[in-house]
Number of protein chains: 2
Amino acid sequence: MKPLLESKIKIAIVEDDLEILDYIVSLLKADSNIEVVKTFEEYNTAFNTIPNLILDVVVVDINLPGQNGIELVKALKPKIPTIQFIMYTSLFDAETVFSALKAGATGYITKETQPDKLSDAIKDAFKGGAPMSSDIARKIVKSFHEFENKSTNVQLSKREKEIINMLSQGLRYKEIADKLFLSTETVRTHIRNIYDKLQVNSRTEALNKYF
Amino acid sequence: MKPLLESKIKIAIVEDDLEILDYIVSLLKADSNIEVVKTFEEYNTAFNTIPNLILDVVVVDINLPGQNGIELVKALKPKIPTIQFIMYTSLFDAETVFSALKAGATGYITKETQPDKLSDAIKDAFKGGAPMSSDIARKIVKSFHEFENKSTNVQLSKREKEIINMLSQGLRYKEIADKLFLSTETVRTHIRNIYDKLQVNSRTEALNKYF
DNA sequence: TTAAAATTACTACTAAAGTGGTATTGTGCT
DNA sequence: AGCACAATACCACTTTAGTAGTAATTTTAA
(Lines give C-alpha, C1' and ligand atoms only; values in the text may rest on other atoms or scores of the structure.)
Protein backbone atom coordinates (compact mmCIF):
# COMPACT_ATOMS: atom_id res chain seq x y z
CA MET A 1 0.00 0.00 0.00
CA LYS A 2 1.37 3.38 -0.96
CA PRO A 3 1.13 6.21 1.53
CA LEU A 4 -1.68 8.61 0.74
CA LEU A 5 -0.11 11.41 2.71
CA GLU A 6 3.25 13.05 2.42
CA SER A 7 4.03 12.25 6.02
CA LYS A 8 2.58 9.50 8.12
CA ILE A 9 0.05 10.18 10.84
CA LYS A 10 1.99 10.05 14.07
CA ILE A 11 0.19 8.26 16.82
CA ALA A 12 0.70 6.97 20.33
CA ILE A 13 -1.24 4.27 22.10
CA VAL A 14 -2.08 3.93 25.77
CA GLU A 15 -3.12 0.38 26.54
CA ASP A 16 -2.22 -1.81 29.48
CA ASP A 17 -3.14 -5.17 28.02
CA LEU A 18 0.01 -6.17 26.17
CA GLU A 19 -1.81 -8.72 24.11
CA ILE A 20 -4.25 -6.16 22.74
CA LEU A 21 -1.49 -3.61 22.39
CA ASP A 22 0.65 -5.96 20.32
CA TYR A 23 -2.31 -6.88 18.24
CA ILE A 24 -3.34 -3.35 17.35
CA VAL A 25 0.23 -2.24 16.85
CA SER A 26 0.73 -5.04 14.36
CA LEU A 27 -2.49 -4.06 12.62
CA LEU A 28 -1.48 -0.43 12.43
CA LYS A 29 2.04 -1.18 11.29
CA ALA A 30 0.52 -2.75 8.23
CA ASP A 31 -0.87 0.64 7.35
CA SER A 32 1.80 2.73 5.70
CA ASN A 33 -0.08 5.97 6.48
CA ILE A 34 0.31 5.50 10.20
CA GLU A 35 3.37 5.60 12.33
CA VAL A 36 3.17 4.33 15.88
CA VAL A 37 5.60 6.65 17.61
CA LYS A 38 5.25 5.31 21.09
CA THR A 39 3.11 3.10 23.29
CA PHE A 40 2.37 3.36 26.99
CA GLU A 41 1.13 0.85 29.48
CA GLU A 42 0.11 3.28 32.13
CA TYR A 43 -1.09 6.83 32.40
CA ASN A 44 1.63 8.52 34.41
CA THR A 45 4.33 7.86 31.87
CA ALA A 46 1.93 8.81 29.10
CA PHE A 47 1.10 12.04 30.86
CA ASN A 48 4.73 12.97 31.33
CA THR A 49 5.99 11.89 27.94
CA ILE A 50 3.27 12.81 25.45
CA PRO A 51 3.76 16.59 25.74
CA ASN A 52 7.35 16.10 24.58
CA LEU A 53 6.40 14.16 21.48
CA ILE A 54 5.11 15.32 18.15
CA LEU A 55 1.87 13.49 17.65
CA ASP A 56 -1.32 13.75 15.64
CA VAL A 57 -3.51 11.21 17.34
CA VAL A 58 -3.47 9.37 20.63
CA VAL A 59 -5.47 6.20 21.14
CA VAL A 60 -6.42 5.71 24.78
CA ASP A 61 -7.87 2.71 26.52
CA ILE A 62 -10.21 4.14 29.11
CA ASN A 63 -10.24 1.46 31.72
CA LEU A 64 -6.76 0.75 32.90
CA PRO A 65 -7.23 -0.78 36.33
CA GLY A 66 -7.15 1.76 39.10
CA GLN A 67 -6.61 4.64 36.74
CA ASN A 68 -8.75 6.83 34.60
CA GLY A 69 -8.13 7.44 30.94
CA ILE A 70 -10.61 10.27 30.91
CA GLU A 71 -8.52 12.14 33.45
CA LEU A 72 -5.55 11.67 31.19
CA VAL A 73 -7.35 13.25 28.27
CA LYS A 74 -8.69 16.01 30.45
CA ALA A 75 -5.17 16.79 31.62
CA LEU A 76 -3.48 16.56 28.24
CA LYS A 77 -6.00 18.10 25.87
CA PRO A 78 -5.69 21.66 27.20
CA LYS A 79 -1.90 21.40 27.05
CA ILE A 80 -1.76 20.07 23.50
CA PRO A 81 -5.09 20.88 21.89
CA THR A 82 -3.88 19.86 18.45
CA ILE A 83 -3.72 16.21 19.40
CA GLN A 84 -6.88 14.24 18.66
CA PHE A 85 -7.78 11.68 21.27
CA ILE A 86 -9.60 8.50 20.39
CA MET A 87 -10.99 6.47 23.25
CA TYR A 88 -10.69 2.79 22.54
CA THR A 89 -12.47 0.71 25.08
CA SER A 90 -14.99 -1.88 25.99
CA LEU A 91 -16.78 0.43 28.44
CA PHE A 92 -19.55 2.27 26.81
CA ASP A 93 -22.23 3.28 29.21
CA ALA A 94 -23.66 6.69 28.46
CA GLU A 95 -21.94 8.28 31.45
CA THR A 96 -18.50 7.21 30.33
CA VAL A 97 -19.04 8.26 26.76
CA PHE A 98 -20.12 11.71 27.79
CA SER A 99 -17.34 12.14 30.29
CA ALA A 100 -14.86 11.26 27.59
CA LEU A 101 -16.33 13.68 25.08
CA LYS A 102 -16.51 16.29 27.77
CA ALA A 103 -12.88 15.74 28.60
CA GLY A 104 -12.02 16.55 25.02
CA ALA A 105 -11.91 13.22 23.25
CA THR A 106 -12.76 13.42 19.57
CA GLY A 107 -13.68 9.84 18.87
CA TYR A 108 -14.93 6.85 20.74
CA ILE A 109 -14.48 3.35 19.39
CA THR A 110 -15.56 0.23 21.20
CA LYS A 111 -13.41 -2.86 21.13
CA GLU A 112 -16.40 -4.72 19.81
CA THR A 113 -15.88 -2.86 16.57
CA GLN A 114 -13.76 -4.75 14.10
CA PRO A 115 -10.24 -3.89 15.19
CA ASP A 116 -9.15 -3.14 11.66
CA LYS A 117 -11.56 -0.21 11.67
CA LEU A 118 -9.21 1.46 14.10
CA SER A 119 -6.89 2.66 11.39
CA ASP A 120 -9.86 4.18 9.58
CA ALA A 121 -10.83 5.88 12.79
CA ILE A 122 -7.35 7.30 13.20
CA LYS A 123 -7.37 8.71 9.70
CA ASP A 124 -10.83 10.05 10.26
CA ALA A 125 -9.84 11.84 13.46
CA PHE A 126 -6.72 13.18 11.77
CA LYS A 127 -8.79 14.66 8.97
CA GLY A 128 -11.02 16.41 11.47
CA GLY A 129 -13.73 13.79 11.68
CA ALA A 130 -15.21 12.34 14.82
CA PRO A 131 -14.92 8.61 14.52
CA MET A 132 -17.47 6.76 16.51
CA SER A 133 -18.78 3.24 16.64
CA SER A 134 -22.34 3.14 15.53
CA ASP A 135 -23.46 2.08 19.01
CA ILE A 136 -21.77 5.16 20.43
CA ALA A 137 -23.33 7.44 17.88
CA ARG A 138 -26.60 5.84 18.84
CA LYS A 139 -26.10 6.72 22.47
CA ILE A 140 -25.36 10.29 21.64
CA VAL A 141 -28.38 10.63 19.44
CA LYS A 142 -30.51 8.94 22.05
CA SER A 143 -29.34 11.19 24.82
CA PHE A 144 -29.90 14.07 22.48
CA HIS A 145 -33.48 13.01 22.11
CA GLU A 146 -33.84 12.46 25.80
CA PHE A 147 -32.42 15.88 26.38
CA GLU A 148 -34.93 17.40 24.04
CA ASN A 149 -37.85 15.42 25.41
CA LYS A 150 -36.98 15.63 29.05
CA SER A 151 -39.48 18.45 28.88
CA THR A 152 -42.81 17.69 30.37
CA ASN A 153 -45.94 17.04 28.43
CA VAL A 154 -47.44 19.94 30.32
CA GLN A 155 -48.83 22.66 28.10
CA LEU A 156 -47.88 26.16 29.05
CA SER A 157 -49.75 29.06 27.54
CA LYS A 158 -48.00 31.49 25.22
CA ARG A 159 -47.53 34.03 27.98
CA GLU A 160 -46.29 31.38 30.37
CA LYS A 161 -43.75 30.19 27.83
CA GLU A 162 -42.49 33.72 27.40
CA ILE A 163 -42.14 34.06 31.10
CA ILE A 164 -40.44 30.74 31.74
CA ASN A 165 -37.93 31.63 29.06
CA MET A 166 -37.18 34.81 30.87
CA LEU A 167 -36.95 32.95 34.14
CA SER A 168 -34.37 30.74 32.50
CA GLN A 169 -32.26 33.77 31.79
CA GLY A 170 -32.22 34.60 35.45
CA LEU A 171 -34.34 37.71 35.16
CA ARG A 172 -36.18 39.00 38.20
CA TYR A 173 -39.90 39.42 38.41
CA LYS A 174 -39.48 43.15 38.09
CA GLU A 175 -37.32 42.81 35.00
CA ILE A 176 -39.75 40.43 33.35
CA ALA A 177 -42.60 42.76 34.17
CA ASP A 178 -40.79 45.69 32.58
CA LYS A 179 -39.97 43.75 29.43
CA LEU A 180 -43.52 42.56 28.99
CA PHE A 181 -45.13 45.78 30.19
CA LEU A 182 -46.90 43.99 33.00
CA SER A 183 -47.12 44.60 36.68
CA THR A 184 -44.84 42.58 38.90
CA GLU A 185 -47.92 41.09 40.49
CA THR A 186 -49.11 39.73 37.18
CA VAL A 187 -45.76 38.16 36.55
CA ARG A 188 -45.96 36.68 40.00
CA THR A 189 -49.34 35.21 39.22
CA HIS A 190 -48.15 33.71 35.95
CA ILE A 191 -45.20 32.16 37.69
CA ARG A 192 -47.42 30.72 40.36
CA ASN A 193 -49.53 29.15 37.63
CA ILE A 194 -46.46 27.80 35.89
CA TYR A 195 -45.28 26.23 39.12
CA ASP A 196 -48.72 24.74 39.66
CA LYS A 197 -48.74 23.21 36.22
CA LEU A 198 -45.24 21.84 36.55
CA GLN A 199 -45.80 20.75 40.12
CA VAL A 200 -42.76 22.50 41.46
CA ASN A 201 -42.04 25.34 43.79
CA SER A 202 -38.95 27.10 42.69
CA ARG A 203 -37.45 28.58 39.59
CA THR A 204 -34.68 26.03 39.30
CA GLU A 205 -37.06 23.11 39.65
CA ALA A 206 -39.34 24.58 37.04
CA LEU A 207 -36.47 25.01 34.61
CA ASN A 208 -35.23 21.49 35.24
CA LYS A 209 -38.66 20.06 34.59
CA TYR A 210 -39.51 22.16 31.61
CA PHE A 211 -36.23 22.17 29.73
CA MET B 1 -25.59 -11.12 -3.17
CA LYS B 2 -27.71 -13.33 -0.93
CA PRO B 3 -30.07 -11.67 1.52
CA LEU B 4 -28.64 -11.53 5.02
CA LEU B 5 -32.06 -11.16 6.56
CA GLU B 6 -35.14 -13.30 6.32
CA SER B 7 -37.16 -10.38 5.08
CA LYS B 8 -35.95 -7.32 3.31
CA ILE B 9 -35.73 -3.96 4.99
CA LYS B 10 -38.73 -2.02 3.79
CA ILE B 11 -37.96 1.55 3.00
CA ALA B 12 -39.50 4.63 1.47
CA ILE B 13 -37.72 7.62 0.00
CA VAL B 14 -38.77 11.24 -0.02
CA GLU B 15 -36.79 13.15 -2.65
CA ASP B 16 -37.94 15.75 -5.14
CA ASP B 17 -35.01 15.60 -7.52
CA LEU B 18 -35.98 12.78 -9.85
CA GLU B 19 -32.46 12.36 -11.08
CA ILE B 20 -31.13 11.76 -7.62
CA LEU B 21 -34.14 9.66 -6.75
CA ASP B 22 -33.66 7.38 -9.74
CA TYR B 23 -30.02 7.11 -8.98
CA ILE B 24 -30.38 6.07 -5.38
CA VAL B 25 -33.28 3.78 -6.14
CA SER B 26 -31.16 1.98 -8.71
CA LEU B 27 -28.34 1.74 -6.19
CA LEU B 28 -30.62 0.37 -3.51
CA LYS B 29 -32.34 -2.08 -5.83
CA ALA B 30 -28.99 -3.70 -6.33
CA ASP B 31 -29.04 -4.55 -2.65
CA SER B 32 -31.13 -7.63 -2.07
CA ASN B 33 -31.57 -6.78 1.61
CA ILE B 34 -33.48 -3.65 0.85
CA GLU B 35 -36.88 -3.22 -0.67
CA VAL B 36 -37.93 0.22 -1.85
CA VAL B 37 -41.63 0.11 -1.11
CA LYS B 38 -42.50 3.59 -2.27
CA THR B 39 -41.03 6.92 -3.20
CA PHE B 40 -42.42 10.40 -2.78
CA GLU B 41 -41.61 13.65 -4.46
CA GLU B 42 -43.27 15.91 -1.98
CA TYR B 43 -44.12 15.92 1.68
CA ASN B 44 -47.88 16.08 1.72
CA THR B 45 -48.34 12.79 -0.06
CA ALA B 46 -45.61 11.28 2.06
CA PHE B 47 -47.30 12.50 5.19
CA ASN B 48 -50.65 11.06 4.20
CA THR B 49 -49.40 7.77 2.80
CA ILE B 50 -46.57 6.66 5.05
CA PRO B 51 -48.75 5.90 8.07
CA ASN B 52 -50.60 3.35 5.94
CA LEU B 53 -47.50 1.51 4.86
CA ILE B 54 -45.41 -1.03 6.66
CA LEU B 55 -41.93 0.42 6.70
CA ASP B 56 -38.70 0.05 8.58
CA VAL B 57 -36.76 3.04 7.38
CA VAL B 58 -37.63 6.27 5.59
CA VAL B 59 -34.98 8.30 3.81
CA VAL B 60 -35.86 11.98 3.69
CA ASP B 61 -34.29 14.77 1.72
CA ILE B 62 -34.49 17.78 4.00
CA ASN B 63 -34.52 20.61 1.56
CA LEU B 64 -37.40 20.21 -0.81
CA PRO B 65 -38.07 23.71 -2.04
CA GLY B 66 -40.65 25.55 -0.02
CA GLN B 67 -41.17 22.66 2.35
CA ASN B 68 -39.51 21.32 5.39
CA GLY B 69 -38.41 17.73 5.78
CA ILE B 70 -37.83 18.23 9.45
CA GLU B 71 -41.49 19.08 9.94
CA LEU B 72 -42.37 15.87 8.16
CA VAL B 73 -40.29 13.83 10.56
CA LYS B 74 -41.63 15.74 13.51
CA ALA B 75 -45.16 14.98 12.41
CA LEU B 76 -44.62 11.33 11.54
CA LYS B 77 -42.26 10.10 14.21
CA PRO B 78 -44.74 10.35 17.09
CA LYS B 79 -47.35 8.53 15.03
CA ILE B 80 -45.10 5.68 13.97
CA PRO B 81 -42.18 5.64 16.37
CA THR B 82 -40.92 2.32 15.03
CA ILE B 83 -39.89 3.86 11.75
CA GLN B 84 -36.31 5.07 11.61
CA PHE B 85 -35.78 8.29 9.72
CA ILE B 86 -32.56 9.03 7.89
CA MET B 87 -32.02 12.55 6.69
CA TYR B 88 -30.24 12.60 3.37
CA THR B 89 -29.27 16.04 2.33
CA SER B 90 -26.69 18.53 1.30
CA LEU B 91 -27.61 20.96 4.07
CA PHE B 92 -25.58 20.39 7.09
CA ASP B 93 -25.22 23.46 9.18
CA ALA B 94 -25.32 22.73 12.89
CA GLU B 95 -28.79 24.20 13.32
CA THR B 96 -30.32 21.92 10.73
CA VAL B 97 -28.62 18.85 12.08
CA PHE B 98 -29.88 19.49 15.56
CA SER B 99 -33.36 20.32 14.46
CA ALA B 100 -33.48 17.05 12.59
CA LEU B 101 -32.23 15.03 15.52
CA LYS B 102 -34.59 16.87 17.77
CA ALA B 103 -37.47 16.07 15.46
CA GLY B 104 -36.71 12.41 15.88
CA ALA B 105 -34.37 11.55 13.02
CA THR B 106 -32.01 8.71 13.77
CA GLY B 107 -29.37 9.28 11.14
CA TYR B 108 -28.04 12.10 9.08
CA ILE B 109 -26.13 11.45 5.88
CA THR B 110 -24.82 14.17 3.62
CA LYS B 111 -25.00 13.79 -0.12
CA GLU B 112 -21.28 14.39 -0.21
CA THR B 113 -20.89 10.96 1.30
CA GLN B 114 -20.39 8.28 -1.26
CA PRO B 115 -23.93 7.43 -2.33
CA ASP B 116 -23.33 3.72 -2.04
CA LYS B 117 -22.87 4.21 1.69
CA LEU B 118 -26.56 4.91 1.86
CA SER B 119 -27.47 1.24 1.87
CA ASP B 120 -25.05 0.70 4.75
CA ALA B 121 -26.71 3.57 6.57
CA ILE B 122 -30.13 2.05 6.06
CA LYS B 123 -28.99 -1.28 7.45
CA ASP B 124 -27.30 0.49 10.29
CA ALA B 125 -30.44 2.42 11.20
CA PHE B 126 -32.51 -0.73 10.94
CA LYS B 127 -30.24 -2.53 13.36
CA GLY B 128 -30.63 0.29 15.87
CA GLY B 129 -27.53 2.24 14.91
CA ALA B 130 -27.37 5.94 14.26
CA PRO B 131 -25.75 6.31 10.88
CA MET B 132 -24.03 9.61 10.44
CA SER B 133 -21.52 11.03 8.04
CA SER B 134 -18.27 11.69 9.76
CA ASP B 135 -18.71 15.42 9.23
CA ILE B 136 -22.05 15.26 10.98
CA ALA B 137 -20.64 13.25 13.84
CA ARG B 138 -17.99 15.89 14.07
CA LYS B 139 -20.59 18.62 14.40
CA ILE B 140 -22.33 16.78 17.14
CA VAL B 141 -19.17 16.15 19.08
CA LYS B 142 -18.13 19.74 18.56
CA SER B 143 -21.40 21.12 19.78
CA PHE B 144 -21.13 18.73 22.65
CA HIS B 145 -17.80 20.23 23.52
CA GLU B 146 -19.14 23.71 23.10
CA PHE B 147 -22.02 22.77 25.31
CA GLU B 148 -19.68 21.47 27.93
CA ASN B 149 -17.29 24.36 27.65
CA LYS B 150 -19.90 27.03 27.38
CA SER B 151 -18.95 26.93 31.00
CA THR B 152 -16.48 29.49 32.02
CA ASN B 153 -12.84 28.73 32.23
CA VAL B 154 -13.28 29.52 35.89
CA GLN B 155 -12.09 26.80 38.19
CA LEU B 156 -14.40 25.94 41.03
CA SER B 157 -13.02 24.06 43.97
CA LYS B 158 -14.21 20.56 44.79
CA ARG B 159 -16.58 21.80 47.44
CA GLU B 160 -17.88 24.51 45.18
CA LYS B 161 -18.56 22.00 42.44
CA GLU B 162 -20.51 19.85 44.87
CA ILE B 163 -22.53 22.84 45.89
CA ILE B 164 -23.23 24.17 42.43
CA ASN B 165 -24.45 20.71 41.46
CA MET B 166 -26.86 20.80 44.33
CA LEU B 167 -27.93 24.29 43.39
CA SER B 168 -28.71 22.94 39.95
CA GLN B 169 -31.11 20.49 41.52
CA GLY B 170 -33.00 23.32 43.08
CA LEU B 171 -32.02 22.49 46.64
CA ARG B 172 -32.18 25.18 49.28
CA TYR B 173 -29.23 26.34 51.30
CA LYS B 174 -30.58 24.49 54.31
CA GLU B 175 -30.97 21.28 52.33
CA ILE B 176 -27.46 21.53 50.93
CA ALA B 177 -26.09 22.22 54.39
CA ASP B 178 -27.80 19.13 55.76
CA LYS B 179 -26.52 16.91 52.97
CA LEU B 180 -22.96 18.10 53.38
CA PHE B 181 -23.07 18.36 57.16
CA LEU B 182 -22.28 22.03 57.06
CA SER B 183 -23.88 25.05 58.57
CA THR B 184 -26.21 27.04 56.35
CA GLU B 185 -23.89 29.97 56.77
CA THR B 186 -20.99 28.03 55.32
CA VAL B 187 -23.09 27.06 52.34
CA ARG B 188 -23.99 30.68 51.96
CA THR B 189 -20.32 31.63 51.95
CA HIS B 190 -19.46 29.02 49.35
CA ILE B 191 -22.24 30.24 47.14
CA ARG B 192 -21.09 33.80 47.50
CA ASN B 193 -17.64 32.69 46.40
CA ILE B 194 -19.08 30.77 43.47
CA TYR B 195 -21.01 33.83 42.38
CA ASP B 196 -17.90 35.95 42.73
CA LYS B 197 -15.90 33.56 40.58
CA LEU B 198 -18.59 33.34 37.95
CA GLN B 199 -19.34 37.02 38.11
CA VAL B 200 -23.05 36.54 38.64
CA ASN B 201 -25.55 37.23 41.34
CA SER B 202 -28.21 34.61 41.25
CA ARG B 203 -28.57 30.88 41.13
CA THR B 204 -29.99 30.78 37.64
CA GLU B 205 -27.25 32.97 36.21
CA ALA B 206 -24.63 30.83 37.89
CA LEU B 207 -26.11 27.67 36.42
CA ASN B 208 -26.35 29.22 32.97
CA LYS B 209 -22.75 30.27 33.09
CA TYR B 210 -21.36 27.13 34.55
CA PHE B 211 -23.31 24.47 32.68
C1' DT C 1 8.34 27.12 54.64
C1' DT C 2 5.59 30.72 53.57
C1' DA C 3 1.83 32.69 50.83
C1' DA C 4 -2.34 31.70 48.65
C1' DA C 5 -6.48 29.17 48.37
C1' DA C 6 -10.04 26.40 50.38
C1' DT C 7 -13.18 25.28 53.99
C1' DT C 8 -15.47 26.30 57.79
C1' DA C 9 -18.53 29.64 60.49
C1' DC C 10 -21.02 33.73 62.52
C1' DT C 11 -23.75 38.30 62.61
C1' DA C 12 -26.74 41.51 60.50
C1' DC C 13 -29.25 43.26 56.95
C1' DT C 14 -31.84 43.86 52.30
C1' DA C 15 -33.87 42.11 48.38
C1' DA C 16 -36.21 38.71 46.03
C1' DA C 17 -39.06 34.77 45.63
C1' DG C 18 -42.84 32.05 46.79
C1' DT C 19 -47.79 31.24 48.95
C1' DG C 20 -52.71 32.19 49.30
C1' DG C 21 -56.72 34.56 48.39
C1' DT C 22 -59.47 37.24 45.26
C1' DA C 23 -61.22 39.66 41.11
C1' DT C 24 -61.93 41.64 36.40
C1' DT C 25 -61.75 41.17 31.48
C1' DG C 26 -61.36 38.83 27.14
C1' DT C 27 -61.52 34.80 24.06
C1' DG C 28 -62.74 30.47 22.23
C1' DC C 29 -65.62 26.50 22.35
C1' DT C 30 -70.09 24.10 22.82
C1' DA D 1 -75.69 31.82 26.67
C1' DG D 2 -72.54 29.65 29.50
C1' DC D 3 -68.12 27.57 30.75
C1' DA D 4 -63.28 27.09 30.86
C1' DC D 5 -59.15 29.22 30.59
C1' DA D 6 -55.82 32.88 29.66
C1' DA D 7 -54.26 37.22 31.03
C1' DT D 8 -54.31 40.89 33.92
C1' DA D 9 -53.84 42.85 38.76
C1' DC D 10 -53.78 43.78 43.93
C1' DC D 11 -53.01 42.75 49.02
C1' DA D 12 -50.77 40.51 52.79
C1' DC D 13 -47.57 37.52 54.46
C1' DT D 14 -43.54 33.98 55.03
C1' DT D 15 -39.59 32.01 53.46
C1' DT D 16 -35.32 31.99 50.82
C1' DA D 17 -31.70 34.11 48.64
C1' DG D 18 -28.22 37.37 48.20
C1' DT D 19 -24.83 41.09 50.19
C1' DA D 20 -21.25 42.62 53.36
C1' DG D 21 -17.80 42.17 56.72
C1' DT D 22 -14.90 39.20 59.40
C1' DA D 23 -12.15 35.32 60.92
C1' DA D 24 -10.16 30.71 62.31
C1' DT D 25 -8.30 26.48 60.41
C1' DT D 26 -6.60 23.49 56.94
C1' DT D 27 -4.64 22.34 52.35
C1' DT D 28 -2.00 23.11 48.59
C1' DA D 29 1.31 24.89 45.68
C1' DA D 30 5.34 27.86 44.84
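Each chain gets a letter, A, B and so on, in the order the sequences are listed, and its residues count up from 1. Below, all heavy atoms of this structure are taken into account, side chains as well, without hydrogens, waters or symmetry copies.
- Considering all non-hydrogen atoms of both residues, A:Phe40 and A:Ala12 come closest at CE1-CB, 4.0 Å.
- Regarding A:Leu156, its CG atom lies at a distance of 14 Å from the C1' atom of D:dA7, rounded to whole Å.
- Closest contact between the side chain of B:Tyr173 and the listed nucleotides D:dT22, D:dA7, D:dA17 involves D:dA17.
- Residue A:Arg203 contributes atom CZ, which lies 13 Å from atom P of C:dT19 at whole-angstrom precision.
- With a 4.5 Å cut-off on side-chain heavy atoms, B:Leu21 and B:Ile13 count as touching.
- The nucleotide whose nearest atom lies closest to any side-chain atom of A:Asn201 is, among D:dA6, D:dG18, C:dT19, C:dT19.
- Between A:Thr186 and D:dT8, a side-chain N or O to OP1/OP2 separation shorter than 4.0 Å is absent.
- Taking atom CG of residue B:Leu180 and atom C1' of nucleotide C:dA6, one finds them 15 Å apart after rounding to whole Å.
- In the interface, the side chain of B:Arg188 is paired with the base of D:dG18 through a donor and an acceptor atom under 3.5 Å apart.
- Evaluation of atom-type donor-acceptor distances gives a pair under 3.5 Å for the side chain of B:Thr189 against the base of C:dA9.
- In this entry the distance linking CD of B:Gln169 with C1' of D:dT16 reads 18 Å, nearest Å.
- Among the nucleotides C:dT7, C:dA17, C:dA9, the one closest to any side-chain atom of B:Ser183 is C:dA9.
- For the pair B:Ile191 CD1 and C:dT7 P, the interatomic distance rounds to 14 Å; values are reported in whole Å.
- The CG atom of A:Asp22 sits 11.0 Å away from the CG atom of A:Leu27 when rounded to the nearest 0.5 Å.
- Taking the side chain of A:Lys197 as heavy atoms from C-beta on, and the options D:dA20, C:dT19, D:dA6, the nearest nucleotide is D:dA6.
- Remark: B:Tyr195 is not in phosphate contact with D:dT19, judged by side-chain N or O atoms under 4.0 Å from OP1 or OP2.
- When each of C:dT7, D:dA7, D:dT16 is scored by its nearest atom to the side-chain atoms of A:His190, the top-ranked nucleotide is D:dA7.
- Heavy-atom nearest nucleotides on DNA chain C were determined for B:Thr184 and for B:Lys158, and the one closer to the 5' end corresponds to B:Lys158.
- The side chain of B:Arg192 lies closest to D:dG21 when the candidates are C:dA9, D:dA6, D:dG21.
- For C:dA16, the OP1/OP2 oxygens have a side-chain nitrogen or oxygen of A:Arg172 closer than 4.0 Å.
- As a whole-Å value, the separation of B:Asp178 CG from C:dA9 P is 12 Å.
- Across every non-hydrogen atom of A:Ala105 and A:Met87, the tightest pair is CB-CG, 3.6 Å.
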Would you please test A:Thr204 and B:Arg203 for side-chain contact (heavy atoms from CB on, under 4.5 Å) and show each step? CA-CA 8 Å; A:Thr204 310; B:Arg203 181 187 297 229; 2.9 Å; yes

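- Atoms CZ (B:Arg159) and C1' (C:dT8) sit 9 Å apart, rounded to a whole Å.
- A side-chain N or O of B:Thr186 and one of B:Ser183 form a donor-acceptor pair less than 3.5 Å apart.
- Separating the CD1 atom of B:Ile194 from the C1' atom of D:dA17 is a distance of 14 Å, rounded to the nearest angstrom.
- With distances taken from any side-chain atom of A:Glu185 to the nucleotides D:dA9, C:dT7, C:dA17, the minimum falls on D:dA9.
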